[in-house]
Amino acid sequence: MPKAAITAVGGYVSDKVLSNADLEKMMDTNDEWITSRTGIHERRVLPKDQAVSDIGVDVVNQLLEKTNTSNEEIDLLICATCTGDYIIPDTANNICYKAGLTNTFGYDINAACSGFLFALYTASQFIETGRYKKVIVIGGEKMTSYMNYDDRTTSILFGDGGGGVLLEPSEKFGVIDAILKGDGVGSQMLKIDAGGSLNPMNQERLDNKENFVTQDGKQVFKRAVTGMSTTVEEVLNRNNLEPNEINWIVPHQANERIINSVARQLSFPMDRVMLNIDKYGNTSAGTIPLCLWEYESQLNKGDNIILTAFGGGFTWGSLYLKWAY
Ligand code: UT7
């Protein structure tokens with residue numbers, strides 16, 4: 001059975017920066033609080049006329065160019081997002097259309113901040129069957145469309161951006177194992193209340209600002225640390241791996257203190273943990289591909305890499321792969 005190897009990675013953020021100093025002018029907060037509690041210095045904001053498909057199109061073009069692949073060769077594109085361009089149509093389909101992927105079918109996966117992990121593992125099954133040769137996985141968000149800038153505990157955390165990977169069959173490299181989990185107890189602890197079929201948008205809900213992300217930050221924090229560290233441990237044990245055999249852990253970037261706690265629980269050194277939350281904040285399904293994109297030049301063929309994420313749902317898990325180039 002072939003493995004699904006990552007053969008290229010791309011990333012995209014807009015140039016527009018929303019710094020802690022900018023937020024100080026918008027709400028009662030300060031750089032010292034945000035930096036010490038979250039590790040975030042700034043985030044990126046997509047312009048009004050751009051959305052997740054624009055991230056996806058840019059990333060697709062990078063992937064095709066890097067691997068000398070033509071548009072017609074892509075079989076499937078999965079887009080992980082919880083902030084897609086529209087409710088209908090799905091964003092993956094829109095990315096395929098705008099990027100000229102004429103032989104590609106696509107669909108979205110919404111697993112909030114775990115979306116990229118869930119989409120990558122799903123996509124890898126298509127390669128493993130032998131039926132699909134080239135699959136693109138995108139993880140991207142326009143979180144700023146769902147931020148209530150009167151809610152200082154949540155709005156300071158999130159930014160826009162994302163990335164993606166091309167998957168191709170390989171004998172030796174690629175996705176080896178994953179443990180993915182879910183627990184609906186989290187459904188009320190991290191959510192956007194209105195705009196779905198249960199609470200369709202109306203003026204009252206807009207006035208109550210129910211169209212924005214709300215969360216129980218403390219509960220999410222605790223569950224994130226436990227969820228990520230235990231599934232990393234489970235994946236290591238199942239594959240007879242010691243932490244010193246892992247070259248990189250790529251954690252979802254929600255809060256630097258969460259990442260530090262996970263590394264501490266695992267006795268894993270922070271210099272092998274990818275970190276870029278200071279520049280982008282939490283881009284939900286976008287954080288893991290954005291990390292891979294930024295650290296690409298430091299990765300080597302055969303590196304053992306663990307991706308781990310936790311998000312709304314709750315959804316969480318860890319995935320083990322061998323880097324292919
Ligand atoms: O991908 C998953 C998505 N979400 C997460 O991962 C979020 C996980 N949770 C967290 O990251 C943290 O819980 C937060 C960053 C959201 C909050 O940090 P905290 O250390 O749990 O702070 P807190 O909510 O306990 O608030 C402590 C204090 C409060 O003041 P008092 O009541 O002690 O006087 C808050 O009102 O900090 C205050 N505070 C702020 N002060 C300045 C809350 N937000 C801010 C702010 N600026 N932005």
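Positions are given from 1, in the same order as the sequence printed here. Computed over heavy atoms, backbone and side chain alike; hydrogens, waters and symmetry mates excluded. Indexing begins at 1, ligand by ligand and atom by atom, following the structure's order. Because the structure is predicted, anything quoted here is derived from the model rather than measured.
For the pair Val175/Leu319, a side-chain contact is recorded, criterion being any heavy-atom separation below 4.5 Å from C-beta on. Within the 4.5 Å cutoff, the side chain of Val250 has no heavy atoms near those of the Ile306 side chain. At least one side-chain heavy atom of Thr231 sits less than 4.5 Å from a side-chain heavy atom of Lys181.
Protein heavy atoms are found inside the 4.0 Å sphere centred on atom 15 (C) of ligand 1. Of the protein's heavy atoms, none falls inside 4.0 Å of atom 34 (O) of ligand 1.
Residues Tyr295 and Trp248 place their aromatic rings such that the two centres sit under 6.0 Å apart. The aromatic ring centres of Trp316 and Phe314 sit 6.0 Å or more apart.
Between Tyr107 and Phe126, the ring planes are tilted. Angles from 30° to 60° get that label.
Atoms of ligand 1 lying under 4.0 Å from any heavy atom of His252, numbered from 1 in the order shown and given with element: 1 (O). Within ligand 1, counting atoms from 1 as listed, the ones closer than 4.0 Å to a heavy atom of Phe310 are 1 (O).
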Please report the C-alpha distance between Ile74 and Val135 in whole Å, then the side-chain angles of each, then the deciding distance to 0.1 Å, and finally whether the side chain to side chain contact (heavy atoms under 4.5 Å, CB included) criterion is met.
CA-CA 6 Å; Ile74 305 299; Val135 177; over 6 Å; no
CA sep, side-chain torsions, deciding dist, call: Lys133, Glu73, salt bridge (Lys or Arg N to Asp or Glu O under 4.0 Å)
CA-CA 8 Å; Lys133 302 289 183 226; Glu73 288 179 86; over 6 Å; no
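More than 12 heavy atoms of other residues, nucleotides or ligands lie within 6.0 Å of CG in Asp207, so this atom counts as buried by the packing criterion.
When Gly312, Gly217, Gly39 are checked for heavy-atom proximity to atom 13 (O) of ligand 1, Gly217 turns out nearest. Taking each of Asp28, Asn255, Thr29 in turn, the one with a heavy atom nearest to atom 47 (N) of ligand 1 proves to be Thr29.
If you look at Phe221 next to ligand 1, the close heavy atoms, those under 4.0 Å, come from the backbone and the side chain alike.
Within the structure, the closest approach of Met27 to ligand 1 does not fall below 4.0 Å when heavy atoms are considered. Contact analysis puts Ile258 in contact with ligand 1, with a non-hydrogen atom separation below 4.0 angstrom.
In this structure, the protein non-hydrogen atom closest to atom 21 (O) of ligand 1 is Lys218 NZ, 3.1 Å. Atom 39 (N) of ligand 1 has its closest protein heavy atom at Trp33 CZ2, 3.4 Å. Atom 18 (O) of ligand 1 has Arg257 NH2, 3.7 Å as its closest protein atom, hydrogens excluded (heavy atom only). Looking at atom 43 (C) of ligand 1, its nearest protein heavy atom turns out to be Thr153 CG2, 3.0 Å. Counting only heavy atoms of the protein, atom 30 (O) of ligand 1 lies nearest to Arg152 NH2, 4.5 Å. At the shortest separation from atom 22 (O) of ligand 1 among protein heavy atoms lies Arg37 NH1, 3.5 Å. For atom 3 (C) of ligand 1, the closest non-hydrogen atom on the protein side is Asn282 ND2, 3.6 Å. Scanning the protein heavy atoms around atom 6 (O) of ligand 1, the nearest turns out to be Ala254 CB, 3.3 Å.
Under the rule for a salt bridge (Lys or Arg N to Asp or Glu O under 4.0 Å), Asp303 has no partner lying at least two apart in sequence or in another chain.
With Asp22 contributing its side chain and Ser19 its backbone, the two residues share a donor-acceptor pair below 3.5 Å.
At least one N or O atom of Gln215, backbone or side chain, sits closer than 3.5 Å to an N or O atom of ligand 1.
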